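In what follows, a structure is listed as structure tokens, so that the remarks can point back to it.
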Amino acid sequence: MHSSKRAILQKRLLRWYEENRRDLPWRNVADPYAVWISEVMLQQTQVQSVIPYYGRFLKKFPNIPALANAGTDAVLRLWAGLGYYSRARNLQAAARIIVERFGGAFPGNYADILALPGIGRYTAAAIASIAFGQAYAVVDGNVSRVLTRLLGISGEPKSIAVQSRLWEAAQRLLPASRPGDFNQAVMELGATICTPRQPECSSCPWTRHCWARQQGRQESLPEKARGGPARKSHQAAVVVRHRGRYLILRRSSQRLLKDFWEFPSVELHNRQTASEMAARLASEACGLKINSVEPLMTVKHSITTRRIELQVFQAEVERGAILEPNAPGRRWVGLKDLGRYAFASAAQRILAELRKSSGAASRTT
DNA sequence: AAAGCGGGGTC
DNA sequence: GACCCAGCTTT
């Protein structure tokens with residue numbers, strides 16, 4: 001691309017950005033720590049999902065030492081529901097490294113940033129450009145879409161070959177001045193105008209220079225990646241109650257959702273019925289014979305490669321029963337105190353149902 | 001190079 | 001349903 005055309009593209013996009021950018025909580029933020037938090041939360045996560053978490057997190061952990069000194073459970077609790085929980089673990093691990101190695105000040109050197117856990121090429125470039133004004137281009141899903149269309153890049157967008165071309169193109173396009181604004185402008189264009197379906201080319205500052213637009217191919221680029229169908233999973237869970245307290249277990253051995261709490265649950269195989277397995281779970285979990293379980297609700301949720309249908313039952317333990325006591329990884333907890341534990345989304349849905357029915361019960365009594 | 005990792009929004 | 005999202009890490 002000719003340098004004069006590059007200058008036109010830069011100027012037009014930056015002007016468009018100034019006039020059209022959304023007002024988001026992390027705009028006009030100079031603190032590298034806050035930029036870092038926002039970028040990590042935004043990894044594979046849409047803006048609207050991040051907004052409520054961002055403010056809460058910064059309020060609870062306003063600076064790097066606060067995050068470094070926090071307990072893991074407190075961090076996970078604030079992240080609960082946002083997904084990809086290794087992000088939260090890495091965030092804290094990185095905060096501790098920054099305290100030890102950089103005296104608590106976020107490093108301004110690209111290689112140092114990239115070396116932190118949970119920070120890859122995208123996030124390192126985003127922080128370096130936005131927080132430190134350094135000319136490192138970013139390529140995310142938005143930028144990939146915008147540039148494949150602008151430049152007419154075919155091929156699987158996630159392939160090494162295409163990614164390599166995209167990073168090069170993005171870096172060539174990046175102006176030396178205001179690289180942070182420019183990076184955000186390309187992403188903003190992809191998020192609001194150059195969308196996956198039905199892009200609004202008539203409002204795009206690059207429409208006259210766009211290869212795909214000229215070819216009428218803006219909806220056939222980038223090429224679609226083909227993923228297999230999500231596997232189905234059928235699970236049963238049981239809410240065991242005893243004198244107003246509920247039994248919860250901590251996921252300690254599994255890699256998935258490690259350290260989160262949940263109600264006892266099991267994957268159903270073959271012809272196992274949910275109610276039968278729920279009764280068995282309840283008996284095993286509290287060491288008592290449970291006579292009857294009643295259906296409570298069905299939770300459907302999907303995680304990347306699985307679609308899960310979770311049938312939830314409830315069981316009441318006899319008042320006079322002697323329970324196995326609390327132990328590491330198992331607790332009997334009252335409804336009010338359940339808020340102090342980290343629950344991922346499926347368990348939170350159950351929790352919401354318990355609160356609802358308990359509220360209804362207390363209103364009628 | 002491919003898979004695993006969560007969850008929600010959208011069409 | 002399938003696709004997508006301000007990706008990173010492990011295998």
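If you're wondering where the values come from, they're calculated on a predicted model, not measured in any experiment. Within every chain, numbering begins at 1; the chains are lettered A, B, ... in the order of the sequence lines, protein sequences first and strands thereafter.
The residue A/Ala344 sits close only to the backbone: its heavy atoms come under 4.0 Å of sugar-phosphate atoms, none of a base. Note on A/Lys258: nothing from the nucleic acid sits closer than 4.0 angstrom, heavy atoms only. Across all strands shown, A/Gly190 has no heavy atoms under 4.0 Å from either base or sugar-phosphate atoms. When heavy atoms are screened at a 4.0 angstrom cut-off, A/Arg349 is found touching no nucleic acid atom at all. Among the protein residues, A/Trp79 comes within range of no part of the nucleic acid, since none of its heavy atoms lies under 4.0 Å from any strand. Note on A/Leu256: only backbone sugar-phosphate atoms sit closer than 4.0 angstrom, heavy atoms only; bases stay farther off.
At whole-Å resolution of the value, CD in A/Gln198 and C1' in C/dC4 are 15 Å apart. Rounded to whole Å, the distance from NZ on A/Lys224 to C1' on C/dC4 is 10 Å. The interatomic distance linking A/Arg255 (CZ) with C/dT9 (P) rounds to 14 Å, in whole Å. If you take CZ of A/Arg231 and C1' of C/dA2, they are 17 Å apart, rounded to a whole angstrom. Counting to the nearest Å, the P atom of C/dC4 and the CE atom of A/Met187 are 19 Å from each other. Here the P atom of nucleotide C/dC5 and the OH atom of A/Tyr84 are 12 Å apart, to the nearest Å. A/Leu82 places its CG atom 13 Å from the P atom of C/dG7, with the value rounded to the nearest Å.
Among A/Leu67, A/Val50, A/Val40, the one residue that satisfies the side-chain contact (heavy atoms from CB on, under 4.5 Å) test with A/Phe57 is A/Leu67. Tested against A/Asp73, the residues A/Arg89, A/Arg250, A/Arg340, A/Lys258 include a single salt bridge (charged side-chain N to carboxylate O under 4.0 Å, His left out) partner, A/Arg250.
Between A/Phe106 and A/Trp36, the ring planes lie tilted relative to each other; the angle falls in the 30° to 60° range.
B/dC5 and C/dA6 have their P atoms separated by 23 Å, with the value rounded to a whole Å. Of the P atoms belonging to B/dG6 and C/dT11, the separation is 15 Å, rounded to the nearest Å.
Checking A/Arg27 against A/Gln184 by side-chain atom types alone, a donor-acceptor pair falls below 3.5 Å. For the 3.5 Å distance criterion, the side chains of A/Glu39 and A/Tyr122 qualify, holding a donor opposite an acceptor. When only modelled atom types and interatomic distance are considered, A/Ser345 and A/Gln348 share no side-chain donor-acceptor pair under 3.5 Å. Between A/Gln311 and A/His234, the side chains place a donor N or O and an acceptor N or O closer than 3.5 Å (distance only, hydrogens not considered).
Contacts between residues 27-50 of chain A and DNA chain B, counted as heavy-atom distances below 4.0 Å, involve A/Gln44, A/Thr45, A/Gln46. Using a 4.0 Å cutoff on non-hydrogen atoms, the parts of residues 136-173 of chain A near DNA chain C are A/Asp140, A/Gly141, A/Asn142, A/Arg145, ordered by number.
Once you apply a 4.0 Å limit to the heavy atoms of chain A, the touched nucleotides of DNA chain B run 5' to 3' over B/dA1 to B/dC11.
In terms of modelled atom types and a separation under 3.5 Å, the side chain of A/Arg331 and the main chain of A/Ile248 share no donor-acceptor contact. With hydrogens and angles disregarded, a donor-acceptor distance shorter than 3.5 Å links the side chain of A/Arg149 to the backbone of A/Gln218. Using a distance-only test at 3.5 Å, with no hydrogens or angles considered, no donor-acceptor pair links the side chain of A/Gln92 to the main chain of A/Arg87.
Within 6.0 Å of CZ on A/Arg56 lie more than 12 heavy atoms contributed by other residues, nucleotides or ligands.
For the pair A/Arg197 and A/Tyr85, both in contact range of DNA chain B, the more 5′-proximal nearest nucleotide belongs to A/Tyr85. Both A/Leu24 and A/Ile119 sit near DNA chain C, but only A/Leu24 has its closest nucleotide nearer the 5' end.
With respect to A/Glu262 and A/Arg251, a salt bridge is recorded, a charged nitrogen being found less than 4.0 Å from a carboxylate O.
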